[in-house]
There are 2 protein chains.
Amino acid sequence: MNAPDTGPTTRDRILNAAERLFAQRGYYGVTIRQITREAGVDVALASYYFGPKADLFRAVLERRAEELHGAILASIDAVEKRAGDRPPGVESLIRAFAQPSIDRLVRGGEGWRDYIHMMAGLYSSQQSEFLVAMNDMYTPAMRRVMELIRLSIPTASERSVTLSFYMLLTAVISIYSETVGLERLSNGTIHPTDFDAILDHLAPFFAAGFHRMASV
Amino acid sequence: MNAPDTGPTTRDRILNAAERLFAQRGYYGVTIRQITREAGVDVALASYYFGPKADLFRAVLERRAEELHGAILASIDAVEKRAGDRPPGVESLIRAFAQPSIDRLVRGGEGWRDYIHMMAGLYSSQQSEFLVAMNDMYTPAMRRVMELIRLSIPTASERSVTLSFYMLLTAVISIYSETVGLERLSNGTIHPTDFDAILDHLAPFFAAGFHRMASV
DNA sequence: GCATTTACTCAACGATCGTGTAAATATTTT
DNA sequence: AAAATATTTACACGATCGTTGAGTAAATGC
């Protein structure tokens, strides 16, 4: 068994091509025909496997969601365990939240990079149908981080932690998208792909913000 | 002179419609025919006034850039003057940077709201041609804020201030886009349109971050 | 008044879109 | 091996896309 197979399934070839193109140009910027052309399969196969275009988009979103979300939860659990019976520090929680995505972005291969770019592009779009779907996939992990931050800074109100976390979230996601913004802002001295260095800055930076708003 | 005219110019009607639609669905999500239909004018007039679609998009971007950028610079100058000969505080610089956009977003009418939504959507997109163009329009103001922050926190390295400012920038822009993210994160208790309240949180939050990274 | 420029309409171009359908081929199940 | 199912191909559909060019009406310059 396990004959030398010819690579990914047709279904997966379509998903891979869709992932890459949606990441580059967004939902409306990509046509079914471009996707199937890139995948090297007949146009009709997209409808055959996924139905309408919106369902294909959702399928791409869902394919890797469970693994990434699970990894984030596991990462948070690990930080919790390491902290013993005290609540873990805010900075380590931020790292735990962002690290799994960065790992996959940097070391997970093309597919993961495309997936994360695609999510980052989606998050700041106005297409609330998809946005809400994606948000829901990662809600438990986000809720968990906010809970633990509240335990770590008991004097901070729920509202304050939510607002602060939202700002953290938007910054993290913008970094995932690797836009040219950072490169231009720094005159080319900081590269948007230096994720590890960026996270080393981001974590204490935002942790300070959370603590500053402890009494609000 | 100045006969009772029939409202905006045809040119401006097209720009207004384009602004509104691009803000909602992005560059690829909008067709010239939708724009001209919304504007109530013939399809050919889009090409007549602006040439290809990309040039129309750029025209929308440019129309309000000078005014907003000027207002941001003026806002920074005002804070500087108020501070006398000492460098202004980081928190007031953050407010000065964000306030003009928020003013127009909340109190500038539909056109300004659409324009700012459109910019926010563009910023997190991967369409670097437009993104770079927009970035350049607002570079002087961003440079100025970073300079003044460095004067306010002389021990912070240029690299540190650039990274911190980038995170501020991404958060501010995400807030401008009024996505459903914040509303869902807070279970509906925080409304994405409460810009003044959000800015009251954001300013001290990020100021603390800047100061925390003073020695890096 | 006439000529030229400007503003706009109308119709059409070739290209591409998303999505079906019917037939052909490949694979699996019986 | 036969039957049933799954996959793939080829093709066509009506619709819409961005853009152009020819023609009309109004404003402007002389």
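Side-chain atoms are counted along with the backbone in the values below, which use heavy atoms only and exclude waters and symmetry mates. Just so it is clear: chains get the letters A, B, ... in the order the sequence lines come, proteins before strands, and each one is counted from 1.
Applying side chain to side chain donor-acceptor pair (under 3.5 Å) to E19(A) and the options R64(A), Q24(A), H117(A) leaves one that passes, R64(A).
With dG20(C), dT7(D), dG18(D) as the candidates, the nucleotide lying closest to the side chain of Y49(A) is dT7(D). Side-chain proximity of Q34(B) to the nucleotides dC17(D), dA7(C), dC17(C) is greatest for dC17(D). When each of dA12(C), dG21(D), dC17(C) is scored by its nearest atom to the side-chain atoms of R37(A), the top-ranked nucleotide is dC17(C).
The CG atom of D55(B) sits 13 Å away from the C1' atom of dG18(D) (whole-angstrom rounding). Computed from coordinates, the R33(B) CZ to dC13(C) C1' distance equals 11 Å when rounded to whole Å. Rounding to whole angstrom units, CD1 of residue I35(A) and P of dT19(C) are separated by 11 Å. Rounded to an integer number of Å, the gap from CG of L45(A) to P of dA6(D) is 15 Å. The separation between Y27(B) atom OH and dC17(D) atom C1' is 12 Å, rounded to whole Å. Computed from coordinates, the I32(A) CD1 to dG20(C) P distance equals 11 Å when rounded to whole Å. Remark: C1' of dT25(C) and OH of Y48(A) are 12 Å apart, rounded to the nearest angstrom. Remark: C1' of dT6(C) and CZ of R11(B) are 14 Å apart, rounded to the nearest angstrom.
Here V43(A) lies in heavy-atom contact (under 4.0 Å) with a base. Across all strands, A44(A) comes closer than 4.0 Å to base atoms (heavy-atom distances). Contacts of T31(A) with the nucleic acid, taken as non-hydrogen atoms under 4.0 Å apart, involve only primed sugar atoms and P, OP1 or OP2.
Comparing V30(B) and G40(A), the nucleotide of DNA chain D nearest to each residue sits closer to the 5' end for G40(A).
Listed for the S157(A) side chain is a donor-acceptor partner under 3.5 Å among the backbone atoms of S160(A).
Here F205(B) and F206(A) bring their ring centres to under 6.0 angstrom of each other.
Around the CD atom of E66(B), the shell of radius 6.0 Å holds no more than 12 heavy atoms that belong to other residues, nucleotides or ligands.
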